[in-house]
Amino acid sequence: MSDILDRLAQTLEARKQADPQSSYVAKLYAKGLDAILKKVAEEAAETIMAAKDGERDKIIYETADLWFHSLVLLAQQGIRPDEVLAELARREGLSGIVEKNSRKEGT
């Protein structure tokens, strides 16, 4: 599964050097963080609406858009997908309540 994430991450890194006129992702990078955040929020809302509609194919499509734009955000922030996967692995088998409480203790 992480193979596709690795390939996407490489493509997104390459798009940082691309012409915004020829690449959607390069255009997002050129517009800056606020534009990227807006797209992530938009895709999250569309995913929620698809889930409320209960249309399986639409949920998959919109979740793919959400994940893609989240990967754009990560790349823009210099974060690799494997860093997020490592955090998920760290949490694996850990109670959500325990994990959440551990974050409160650290703040």
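This is a predicted model, so every value here is computed, not measured.
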Supply the atom-to-atom distance Thr47 OG1 to Leu66 CG, rounded to the nearest 0.5 angstrom. 4.5 Å
Tell me the ring-ring contact (aromatic ring centres under 6.0 Å, His included) pairs involving residues 28-49, sequence neighbours left out? none
Gln77 atom CD, over 12 foreign heavy atoms within 6.0 Å: yes
If two hydrophobic side chains count as joined below 4.5 Å and joins carry through other members, does Tyr61 share a cluster with Trp67? no
Inter-residue atom distance Thr63.OG1 - Glu46.CD, 0.5 Å rounding: 11.0 Å
Quick one: side-chain contact (heavy atoms from CB on, under 4.5 Å) partners of Ser23, sequence neighbours excluded? Arg15, Ala18, Val25, Ala26
Does any pair with a residue in residues 48-62 pass salt bridge (charged side-chain N to carboxylate O under 4.0 Å, His left out), and if so which ones, sequence neighbours excluded? Asp53-Lys58
Check ring-ring contact (aromatic ring centres under 6.0 Å, His included) between Tyr24 and all other residues, then give those that pass, not counting sequence neighbours. His69
According to a 4.5 Å side-chain heavy-atom criterion applied to Ile, Leu, Val, Met, Phe, Trp and Tyr, with indirect links allowed, do Val40 and Ile59 form part of one hydrophobic cluster? no
Only pairs at least two apart or in different chains count here, so list each salt bridge (charged side-chain N to carboxylate O under 4.0 Å, His left out) that has a residue in residues 71-81. Arg80-Asp82, Arg80-Glu83
Is there a path of hydrophobic side-chain contacts, each under 4.5 Å between heavy atoms, that joins Phe68 and Ile60? no
Under the salt bridge (charged side-chain N to carboxylate O under 4.0 Å, His left out) test, residues paired with Lys27 that sit two or more places apart: none
When rounded to the nearest 0.5 angstrom, what distance separates CG in Asp6 from OG1 in Thr11? 11.0 Å
Would you mind writing out the side-chain donor-acceptor pairs for residues 30-39 within the sub-3.5 Å range, not counting sequence neighbours?
from: Lys39; atom 1: NZ; to: Glu42; atom 2: OE2; distance (Å): 3.0
from: Lys39; atom 1: NZ; to: Glu43; atom 2: OE2; distance (Å): 3.3

